[in-house]
Amino acid sequence: MFLEVDNDNLIAKTAALATEIWTEHYLPIIGPEQVSYMLAKFQSPAAIASQIRQGYRYFLIEDEMAAITGYFAVRIDSNGMFLSKFYVKRSCRGKGLGRQAFAFIEKLATDNGLGLIWLTVNKNNTASIKIYKKLGFIIADKVVTDIGNGYVMDDYKMEKQLDPA
């Protein structure tokens, strides 16, 4: 169900999936120029490989037919587990895959003795914010990050406290 991205072939699949999902999801929120810029900067094969070398762990989400339906990336830091990326294809949403992935992420965190998962989400990404709230996340802060080329990420920082294992 969750395949760790650990080679060039899987990195390329993740980057292609990112292009598909980001183009569909983010065009109405941030526009085509920023989507293209962010894909090149954060989700190209070279960017993903670099993030993995920096301690990020990427996972592909597979359904029961072993079709790739989404992906996520996490990194342990001093605050807990940072959920850096979490995306599911539109056609695969509402089938419980996201919930299963979050259960897996929570187990990764608790297996590493962590009591907090945190993430950032665009303030205008209302559908995702609603889902994160249903999963127990709360808005903890507002964060504006300059990502270069005249673009900023205008996000909420959301957190979820975990029950100790």
Side-chain angles (χ1 to χ4, degrees), residues 2 5 14-15 17-44 47-48 50-52 54-61 69-110 112-164:
F2 306 107
V5 176
T14 305
L17 186 60
T19 298
E20 176 186 342
I21 294 171
W22 281 45
T23 301
E24 171 266 316
H25 187 77
Y26 285 111
L27 282 180
I29 297 173
I30 60 176
E33 293 84 12
Q34 188 170 350
V35 168
S36 293
Y37 175 77
M38 290 180 69
L39 282 168
K41 184 172 178 82
F42 300 116
Q43 294 292 261
S44 67
I48 292 169
S50 175
Q51 291 167 35
I52 290 171
Q54 295 169 31
Y56 286 82
R57 293 179 68 191
Y58 272 78
F59 294 86
L60 292 170
I61 303 169
T69 61
Y71 72 101
F72 59 90
V74 297
R75 184 194 70 208
I76 295 173
D77 66 18
S78 61
N79 296 317
M81 180 169 284
F82 173 44
L83 177 56
S84 172
K85 316 278 185 301
F86 188 88
Y87 300 101
V88 176
K89 288 182 180 182
R90 175 177 279 180
S91 62
C92 301
R93 294 179 194 152
K95 299 178 181 179
L97 295 169
R99 213 170 265 288
Q100 291 172 30
F102 270 105
F104 179 84
I105 292 164
E106 287 183 9
K107 183 168 177 7
L108 272 178
T110 57
N112 282 281
L114 304 172
L116 179 78
I117 299 173
W118 66 280
L119 57 89
T120 56
V121 60
N122 184 289
K123 290 177 184 172
N124 295 313
N125 193 348
T126 54
S128 294
I129 292 167
K130 203 178 287 188
I131 290 168
Y132 292 135
K133 285 182 175 181
K134 282 175 98 173
L135 291 167
F137 285 82
I138 60 161
I139 294 173
D141 204 355
K142 297 175 185 174
V143 182
V144 177
T145 307
D146 184 337
I147 59 170
N149 212 35
Y151 296 117
V152 297
M153 292 194 304
D154 189 11
D155 296 335
Y156 288 123
K157 178 180 180 185
M158 299 186 78
E159 298 179 340
K160 180 175 182 176
Q161 295 290 329
L162 301 175
D163 293 328

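A pairwise comparison of heavy atoms in K123 and T126 identifies O-CG2, 4.5 Å as the closest pair. Nearest approach of N122 to I29, heavy atoms of both residues: OD1-CG2, 3.6 Å. Scanning both residues, V88 and I21, for their nearest heavy atoms gives C-CD1, 3.9 Å. Listed here is the closest heavy atom pair of S44 and A15: C-CB, 4.1 Å. The minimum heavy-atom distance between W22 and M38, with the atom names listed, is CZ3-CB, 3.5 Å. The heavy-atom pair separating L60 from L17 by the smallest distance is CD2-CD2, 4.3 Å.
Applying the 6.0 Å contact sphere to CZ of R93 captures more than 12 heavy atoms from other residues, nucleotides or ligands.
D146 contributes no side-chain N or O that, together with a main-chain N or O of V152, makes up a donor-acceptor pair within less than 3.5 Å. With hydrogens and angles ignored, the 3.5 Å screen pairs a side-chain donor or acceptor of T69 with a backbone N or O of I61. Between the side chain of K157 and the backbone N or O of V143 there is no donor-acceptor pair closer than 3.5 Å. In terms of modelled atom types and a separation under 3.5 Å, the side chain of E159 and the main chain of D141 share no donor-acceptor contact. The main-chain N or O of Y151 is never found under 3.5 Å from a side-chain atom of N149 such that the two would form a donor-acceptor pair. Judged by distance alone, with hydrogens and angles left aside, the side-chain atoms of N112 form no donor-acceptor pair with the main-chain N or O of L114 at under 3.5 Å.
Note: K89 NZ to K95 NZ = 10.0 Å, rounded to the nearest 0.5 Å. M153 CE to I147 CD1: the interatomic distance, rounded to the nearest 0.5 Å, is 5.5 Å. Interatomic distance, CZ of F86 versus CG of L135, reported as 7.5 Å (0.5 Å rounding). Expressed to the nearest 0.5 Å, how far CZ of F82 lies from OH of Y56 amounts to 5.5 Å. The CD1 atom of I139 sits 12.5 Å away from atom OH of Y132, with the distance rounded to the nearest 0.5 Å. Annotation: the span from W118 atom CH2 to Q161 atom CD amounts to 14.0 Å, rounded to 0.5 Å.
Between the side chains of Q43 and Y87, no donor-acceptor pair of N or O atoms lies under 3.5 Å. Between the side chains of E106 and T110, no donor N or O sits under 3.5 Å from an acceptor N or O.
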Start with the C-alpha gap between F104 and F59, add the side-chain angles, then the distance that decides, and say whether ring-ring contact (aromatic ring centres under 6.0 Å, His included) holds. CA-CA 10 Å; F104 179 84; F59 294 86; 5.3 Å; yes
Could you go through the side-chain contact (heavy atoms from CB on, under 4.5 Å) check for L83 and V74 one step at a time? CA-CA 5 Å; L83 177 56; V74 297; 3.8 Å; yes
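Within the 4.5 Å cutoff, the side chain of N125 has no heavy atoms near those of the Y156 side chain. Here the side chains of I131 and F137 are not in contact, with every heavy-atom distance at 4.5 Å or above. Between N124 and D154 the shortest side-chain heavy-atom distance does not fall below 4.5 Å. Side chains of Y26 and Q34 form no contact here, defined as non-hydrogen atoms less than 4.5 Å apart.
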